[in-house]
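None of the values given here were measured: they were computed from a predicted structure.
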Amino acid sequence: MKKIAKLMAFIMAVSIMISGCASKPKDAIAKVNGDYVTKEEFDREYNIFRKMLYGFMTDEQMEEADEQSGQSPKSQLESQITDVLVMDKIMKEELKKKKAEVTEEEIKKGREDMIEQSGGEEKFKAQLEETGLTDEDIQNVIARGLRQEKLIDKYIEEHPVTDEEVKNHFEENKDRYVKYDVAHILVDTEEEAKEIKKQIEEGADFEEIAKEKSKDEGTSANGGSLGEVNLQTNFVPEFLEKMKEMKSGEISEPVKTQFGYHIIYVKNIADNLDDIKSEIEKELSSTEFQKYIHELYEKADIEIYKPKTEVENKTESNKQEDKEGKDKQEQENTESQEKEDKTEENKSDDN
């Protein structure tokens, strides 16, 4: 079921199966390029995400407003779902233009894959029962995920990233992409650090000395290894500056920082563009795809009639209660005045 939850989070930006409407339905949530988001669609999507993302919360907790924002989880989810449905209408329309609709066979294959990842049919059904989702809900989730993937694939196919774009991006962001496989030994004094460096130069094993003498308890057991890092890693500046100067296989002289004295060992530097080309291509494509989606949204003809959140409803309810209270008070005042007037009339008659 973790796979389902991840997929739900992934498609939160663009989801739901839709059906066209020729005229405005009762309780429509929104209209997107002439196509309506219905209350039925909204309720169905809300219930799915309510179970998947907020299943641990009671209805009362869902309606508790946050002190800072004044919004409750329920009102936030209602707003998110409205945005989701609007965006999905836009994307579904774009897919139709590109003739890239998801087929029933693809949905069936996606369901089979999900069952296999869940550990079999029985476990899959047990997970559905546990979350309160139906098989139809899951197939809708799969379809939405497939639509997302298809639109991305179509965009990349039509707008491939060039080798020049990849190279330029790499050169401008080397601090992020170049990886250093690095280890260190940390001691208190410069003298001790110099002695360790001398021992290493004479053939002592770096990892064994790190295990024995490094005061960095988080890395000493692993021979001082810090793993793969880059120049944007949250290390002290002195450490990063020295690491940047070094070559693969090099061991530094003592480097002073606020923590003590380091002997830095750069085991390897991964700076080959070919090794990370696909990573950069995906990143650039993702950035451009988001711009493309934003442009589609900006160009779309959108009207929102989304249902009022419970905060807005409570506000109106309070206003109505206040009005009713005032009306009741005015009526009581009128009746009281009438009684006083009648009493005065009776006294006048007696006189």
Report yes or no: does [X] contribute a side-chain atom to a donor-acceptor pair with the main-chain N or O of [Y] at less than 3.5 Å?
{"X": "Lys51", "Y": "Gly132", "answer": "yes"}
{"X": "Asn33", "Y": "Asp301", "answer": "yes"}
{"X": "Ser285", "Y": "Glu281", "answer": "yes"}
{"X": "Lys215", "Y": "Phe259", "answer": "yes"}
{"X": "Ser252", "Y": "Ile264", "answer": "yes"}
{"X": "Arg50", "Y": "Tyr54", "answer": "yes"}
{"X": "Asp88", "Y": "Val84", "answer": "no"}
{"X": "Glu106", "Y": "Thr103", "answer": "yes"}
{"X": "Lys98", "Y": "Lys154", "answer": "no"}
{"X": "Asn173", "Y": "Arg176", "answer": "no"}

Verify whether one side chain among [X] and [Y] offers a donor that lies under 3.5 Å from an acceptor in the other.
{"X": "Glu172", "Y": "Asn168", "result": "no"}
{"X": "Tyr177", "Y": "Glu283", "result": "yes"}
{"X": "Glu295", "Y": "Tyr297", "result": "no"}
{"X": "Glu253", "Y": "Tyr261", "result": "no"}
{"X": "Thr219", "Y": "Asp216", "result": "yes"}
{"X": "Thr257", "Y": "His262", "result": "yes"}

Are Asn140 and Glu136 close enough, and set up right, to give a side-chain hydrogen bond (donor to acceptor under 3.5 Å, both in side chains), and what steps lead you there? CA-CA 6 Å; Asn140 286 338; Glu136 183 182 1; 4.5 Å; no
So, Asp163 and Lys277, do they make that salt bridge, N to O below 4.0 Å? yes
Go through the steps to decide whether Tyr292 and Glu94 satisfy the test side-chain hydrogen bond (donor to acceptor under 3.5 Å, both in side chains), and finish with yes or no. CA-CA 11 Å; Tyr292 157 68; Glu94 193 70 5; 3.1 Å; yes
Quick check: do [X] and [Y] have side-chain heavy atoms less than 4.5 Å from each other?
{"X": "Glu288", "Y": "His159", "answer": "no"}
{"X": "Thr134", "Y": "Leu128", "answer": "no"}
{"X": "Tyr180", "Y": "Val178", "answer": "yes"}
{"X": "Lys179", "Y": "Asp271", "answer": "no"}
{"X": "Glu101", "Y": "Leu95", "answer": "no"}
{"X": "Arg147", "Y": "Lys92", "answer": "yes"}

Sequence neighbours left out, what pairs pass side chain to side chain donor-acceptor pair (under 3.5 Å) with at least one residue falling in residues 231-251? Asn230-Thr233
Roughly how far apart are [X] [atom1] and [Y] [atom2], rounded to 0.5 Å?
{"X": "Ile263", "Y": "Lys194", "atom1": "CD1", "atom2": "NZ", "value": "10.5 Å"}
{"X": "Lys123", "Y": "Ser118", "atom1": "NZ", "atom2": "OG", "value": "9.5 Å"}
{"X": "Ile251", "Y": "Lys267", "atom1": "CD1", "atom2": "NZ", "value": "10.5 Å"}

Should the pair Phe42 and Tyr46 be assigned to parallel (<30°), tilted (30 to 60°) or perpendicular (>60°) ring geometry? parallel
Measure the acute angle between the ring planes of Phe239 and His184, then classify it against the limits of 30° and 60° as parallel, tilted or perpendicular. perpendicular
Restricting to non-hydrogen atoms, name the atom on Ala210 and the atom on Ser220 that form the minimum distance, rounded to 0.1 Å. O-CB, 3.5 Å
